[in-house]
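Have a look at the structure below, then the notes.
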Number of protein chains: 2
Amino acid sequence: MGLAKTEMFTNEQNKISMFAKAFGHPARVAILQHLFKIDTCICGDLVSEIGLAQPTISQHLKELKNLGLIKGNVEGTSVCYCIDKDNWSSMKDIMAQFLDQDISSNSCC
Amino acid sequence: MGLAKTEMFTNEQNKISMFAKAFGHPARVAILQHLFKIDTCICGDLVSEIGLAQPTISQHLKELKNLGLIKGNVEGTSVCYCIDKDNWSSMKDIMAQFLDQDISSNSCC
DNA sequence: TTTATATATCGTAATATTGCAATGAAACAA
DNA sequence: TTGTTTCATTGCAATATTACGATATATAAA
């Protein structure tokens, strides 16, 4: 089917999986890392930085933008991308809640 | 293509995306949350807990096991699953490094 | 041995993802 | 206007993912 049955899960579970899915491709991880590293807006040199074709990068950027993790400002013919800090922050809270679940000492396996 | 060009990315980027991909489905998030909540091994009540068919759950468990995030011990006719705490911990370190990147005050967009 | 129970695996259909060539659109330069 | 540059969109092929029925396997119970 290739189709997740999202209606069976909580909002939180669906949110976590949506963010995780966005990070589930190394190109998107690389894009985000680059945006953090550059630390200021970059204007579309991502194609040369990462080795994928321009339409491919554009598609990955679109996914990250749709999730709200990055913003894009048009500046002349180029577009200026950067991390959406507020949304990144709330994403981090949600992911942390999931990743930092208490691991008790009860061992069994 | 449906095939990520992993050879273009760093080991770290590939690792992050592999873990993230595992969390990229709400059923696997639910499975992991349940394993944390139960806090001790559960033996296959995941199928009733989550509303998916038994082969589907088994498939999700296999993915999590292949990544090392959970362990499964055979106990009679049933299998006892639990979080692999050591591996969960190192996964968390890797993910935290990615998620906690410094967000400077440089705003641009 | 036979039966029941629990889980894994196989096979397959439906859908999603990835990547890119070709093309479009928008702003600027000459 | 006519290029030129930059990025987005379209269309499509290759591959991956998700879900589950059918079946296999393995242990335990009767």
Side-chain angles (χ1 to χ4, degrees), chain A residues 1-9 13-14 17-32 34-35 41-67 70-82 109, chain B residues 1-9 13-14 17-32 34-35 41-67 70-82 109:
Chain A
M1 307 225 148
L3 175 67
K5 295 193 159 177
T6 54
E7 74 281 1
M8 308 176 61
F9 303 99
Q13 287 163 345
N14 283 318
S17 66
M18 279 175 61
F19 285 129
K21 199 183 247 184
F23 304 142
H25 193 290
R28 290 191 290 268
V29 171
I31 287 172
L32 291 164
H34 191 66
L35 288 179
C41 280
I42 59 145
C43 301
D45 52 347
L46 281 165
V47 175
S48 47
E49 188 64 26
I50 300 168
L52 295 168
Q54 180 267 322
T56 308
I57 297 292
S58 190
Q59 199 173 313
H60 284 307
L61 287 168
K62 193 181 177 183
E63 285 179 61
L64 294 172
K65 212 165 95 181
N66 285 344
L67 259 182
I70 64 174
K71 292 188 281 191
N73 262 27
V74 180
E75 280 187 6
T77 59
S78 58
V79 178
C80 178
Y81 283 105
C82 61
C109 300
Chain B
M1 306 227 150
L3 176 67
K5 295 191 161 180
T6 52
E7 75 280 1
M8 308 176 63
F9 303 99
Q13 287 162 344
N14 283 318
S17 66
M18 279 175 61
F19 285 129
K21 198 184 247 183
F23 305 142
H25 193 291
R28 290 190 290 267
V29 171
I31 287 171
L32 291 164
H34 192 65
L35 288 179
C41 279
I42 58 146
C43 302
D45 52 347
L46 281 165
V47 174
S48 48
E49 188 64 26
I50 301 168
L52 295 169
Q54 179 267 322
T56 309
I57 297 291
S58 190
Q59 199 172 313
H60 284 306
L61 285 169
K62 192 181 176 183
E63 286 179 60
L64 294 171
K65 211 165 95 181
N66 285 344
L67 257 183
I70 64 175
K71 290 187 281 190
N73 261 28
V74 180
E75 280 188 4
T77 59
S78 58
V79 178
C80 178
Y81 282 105
C82 63
C109 300

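A note on names: the letters A, B, ... follow the listed sequences, proteins ahead of strands, and every chain is numbered from 1.
The shortest distance between side-chain heavy atoms of His34(B) and Ile50(B) does not fall below 4.5 Å. Residues Ser58(B) and Gln54(B) have side chains in contact (heavy-atom distance under 4.5 Å, counting atoms from C-beta outward). In this structure, the side chains of Ile70(B) and Leu61(B) come closer than 4.5 Å at one or more pairs of heavy atoms.
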5' to 3', nucleotides 8-17 of chain C under a 4.0 Å protein heavy-atom cut-off (B base, S sugar-phosphate only, - none) gives BB---BBBSB
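Proximity of a side-chain donor or acceptor of Ser17(A) to a complementary backbone N or O of Gln13(A) within less than 3.5 Å is detected. A donor-acceptor contact shorter than 3.5 Å is absent between the side chain of Asn73(A) and the backbone of Cys80(A).
Between the CD1 atom of Ile70(B) and the P atom of dT7(C) there is a distance of 12 Å, rounded to whole Å. Here the P atom of nucleotide dG19(C) and the CD1 atom of Ile31(A) are 10 Å apart, to the nearest Å. We find that CG of Asp45(A) is positioned 17 Å from P of dT5(D), with the value rounded to whole Å. When rounded to the nearest whole Å, the span between CZ of Phe23(B) and P of dT17(D) equals 16 Å. In this structure, the CG atom of Asn73(B) is 14 Å from the P atom of dT27(D), given to the nearest Å. Going from atom CD of Glu75(A) over to atom P of dA26(C) covers 18 Å, rounded to whole Å.
Set against dC7(D), dG19(C), dA28(D), the side chain of Ser78(A) has dC7(D) as its closest nucleotide. The listed nucleotides are dT5(D), dA19(D), dA28(D); the one nearest the side chain of Thr77(B) is dA28(D).
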Report all side-chain donor-acceptor pairs from residues 20-30 of chain B shorter than 3.5 Å, counting only partners two or more places apart or in another chain.
from: His25(B); atom 1: ND1; to: Ala27(B); atom 2: N; distance (Å): 3.0
from: Arg28(B); atom 1: NE; to: Ala22(B); atom 2: O; distance (Å): 2.7
from: Arg28(B); atom 1: NH1; to: His60(B); atom 2: ND1; distance (Å): 2.9
from: Arg28(B); atom 1: NH1; to: Glu63(B); atom 2: OE1; distance (Å): 3.2
from: Arg28(B); atom 1: NH1; to: Glu63(B); atom 2: OE2; distance (Å): 3.3
from: Arg28(B); atom 1: NH2; to: Lys21(B); atom 2: O; distance (Å): 3.3

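Residue order along DNA chain D, read from the 5' end via each residue's closest nucleotide, puts Ala27(B) first among Gly76(B) and Ala27(B).
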